[in-house]
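What you see is a predicted model, and the numbers here were worked out from it, not measured in a lab. As the structure lists them, so they are numbered: ligands from 1, and atoms in each ligand from 1.
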Amino acid sequence: MAKNVISDFDMTLTRFAFNGKRCPTCHNILDNSRLINDECKLKELLNTYYPIEIDSTRSVEEKLPLMVEWWTKAHELLIEQKIKKDALALAVRESEAMLRDGYEFFFNHLHEHSIPLLIFSAGIGDILEEVIRQAGVFHSNVNVFSNYMDFDELVEDRRQSYLDSYDIVLIKDETLEVPNAIVRFLTGNE
Ligand SMILES: Nc1ccn([C@@H]2O[C@H](COP(=O)(O)O)[C@@H](O)[C@H]2O)c(=O)n1
């Protein structure tokens, strides 16, 4: 039987608090860093929307559009900050984010047993990956499904790193023809 482990990230794989102090989410890591200026209102968004996220009297249907509204507004604010990709690692290193105690066993054991770990997160994929990487457990069985930042670098600059990292790289292809061919193959052309 195929096994997968599915998890979310912020406050699930990372700690909620340490020594009585709240630990940051991916968004908070950026917000608390030197990459964001004081005028950026991410904290105000957190104060508005986090109570809604954890409000057990509201239904999922009620919360969903508000959560989308939250991350849409947050991402618009982040775009204005013109963050450089290279600076993310330092922001994570200087942050107080930490994986939960016992993370080494969790990540290493799944890797040793070739069990895929699928992480779904409403956080920021680039930051999330960096937290796991800096903890030394970003193994090949870890797959992250999250929002990623799109940096204004020239496509040419990134082409080689994509070619090195992925089996298939689509360039100037606005269709889903290749993914659809793979999906058809996986489902036996049904
Ligand atoms: N703009 C935002 C959006 C979300 N958050 C918090 O990040 C958490 C992501 O959690 P996952 O379990 O999906 O990894 C989410 O629960 C929000 O509390 C944020 O801080 N800022």
Side-chain angles (χ1 to χ4, degrees), residues 4-85 87-104 106-107 110-111 115-139 141-151:
N4 289 294
V5 171
I6 297 178
S7 177
D8 56 13
F9 185 72
D10 285 311
M11 295 174 276
T12 302
L13 294 179
T14 53
R15 290 185 71 119
F16 179 80
F18 183 64
N19 286 342
K21 195 170 165 228
R22 281 292 299 270
C23 291
T25 64
C26 292
H27 285 87
N28 300 151
I29 289 174
L30 276 184
D31 202 11
N32 299 339
S33 77
R34 297 184 246 160
L35 307 180
I36 300 283
N37 65 37
D38 291 343
E39 281 91 66
C40 186
K41 307 262 185 270
L42 276 181
K43 273 206 185 68
E44 282 181 18
L45 293 180
L46 180 74
N47 294 339
T48 306
Y49 289 98
Y50 185 65
I52 300 174
E53 180 185 2
I54 59 168
D55 183 350
S56 57
T57 66
R58 294 182 192 240
S59 68
V60 172
E61 290 72 23
E62 195 185 342
K63 289 180 187 184
L64 194 63
L66 295 167
M67 295 299 102
V68 173
E69 191 176 283
W70 181 9
W71 80 58
T72 305
K73 285 184 185 169
H75 295 167
E76 278 164 6
L77 287 177
L78 285 174
I79 288 166
E80 288 168 13
Q81 298 297 306
K82 304 212 181 310
I83 295 162
K84 295 267 186 308
K85 188 175 186 176
L88 296 184
L90 185 64
V92 171
R93 199 163 297 120
E94 291 181 345
S95 79
E96 285 167 356
M98 55 185 96
L99 295 169
R100 283 179 187 260
D101 291 354
Y103 74 87
E104 293 99 333
F106 181 79
F107 282 86
L110 291 176
H111 181 236
I115 298 175
L117 169 59
L118 313 180
I119 302 175
F120 290 84
S121 174
I124 303 171
D126 313 75
I127 299 283
L128 181 166
E129 285 192 10
E130 195 55 37
V131 172
I132 304 175
R133 195 173 292 117
Q134 289 186 16
V137 290
F138 193 45
H139 302 310
N141 64 320
V142 176
N143 298 284
V144 179
F145 301 86
S146 186
N147 303 297
Y148 279 83
M149 298 170 84
D150 198 1
F151 295 92

K.L.:
Output yes when the distance from some N or O of ligand 1 to some N or O of Thr25 is under 3.5 Å, and no in every other case.
P.N.:
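Thr25 vs ligand 1: N/O contact under 3.5 Å present.
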
K.L.:
Are a donor atom and an acceptor atom from the side chains of Asn47 and Lys41 found within less than 3.5 Å of each other?
P.N.:
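Checked: Asn47/Lys41 side chains show no N/O donor-acceptor pair below 3.5 Å.
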
K.L.:
Give the atom numbers and elements of ligand 1 that come within less than 4.0 Å of a heavy atom of Phe9.
P.N.:
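Near Phe9, the atoms of ligand 1 are 11 (P), 12 (O), 14 (O).
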
K.L.:
Distance under 4.0 Å to a non-hydrogen atom of Glu53: what atoms of ligand 1 satisfy this?
P.N.:
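Near Glu53, meaning under 4.0 Å from one of its heavy atoms, ligand 1 has 15 (C), 16 (O), 17 (C), 18 (O).
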
K.L.:
Indicate yes or no: at least one non-hydrogen side-chain atom of Ile127 is less than 4.5 angstrom from one of Thr25.
P.N.:
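Side chain of Ile127 against side chain of Thr25, heavy atoms only: no contact under 4.5 Å found.
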
K.L.:
Find all atoms of ligand 1 within a distance of less than 4.0 Å from any non-hydrogen atom belonging to Tyr50, and give their numbers and elements.
P.N.:
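Selected atoms, number and element: 18 (O).
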
K.L.:
Give yes or no for whether the N/O distance cutoff of 3.5 Å, strictly under, is met between Gly123 and ligand 1.
P.N.:
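There is no such contact.
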
K.L.:
Quick one: does His27's side chain get under 4.5 Å of Leu46's, heavy atoms only?
P.N.:
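Of all side-chain heavy-atom pairs linking Leu46 with His27, none is under 4.5 Å.
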
K.L.:
Report yes if some heavy atom in the side chain of His139 is under 4.5 Å from a heavy atom in the side chain of Ile132; otherwise report no.
P.N.:
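No, every pair of side-chain atoms sits at 4.5 Å or beyond.
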
K.L.:
With heavy-atom distances below 4.5 Å as the criterion, would you say the side chains of Asp150 and Ile79 are in contact?
P.N.:
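Not in contact.
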
K.L.:
Looking only at distances, please establish whether an N/O atom of ligand 1 is found under 3.5 Å from an N/O atom of Asp8.
P.N.:
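There is such a contact, yes.
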
K.L.:
Going by the order shown, which atoms of ligand 1 are within less than 4.0 Å of some heavy atom of Ala74?
P.N.:
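It comes down to these atoms of ligand 1: 1 (N).
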
K.L.:
Ligand 1 and Leu46, any nitrogen or oxygen pair closer than 3.5 angstrom?
P.N.:
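No - when backbone and side-chain N and O of Leu46 are compared with those of ligand 1, no distance drops under 3.5 Å.
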
K.L.:
Is the closest side-chain heavy-atom distance between Phe106 and Arg100 below 4.5 Å?
P.N.:
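With C-beta onward as the side chain, the pair stays apart.
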
K.L.:
Would Trp71 count as being in polar contact with ligand 1, using the rule that some N or O on each side must be under 3.5 angstrom apart?
P.N.:
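In fact, backbone or side chain, Trp71 has no N or O that close.
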
K.L.:
When you measure from the side chain of Ser121 to the backbone N and O of Ser146, does any donor-acceptor pair fall under 3.5 Å?
P.N.:
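No; judged by distance alone, with no hydrogens or angles, the pair does not exist.
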
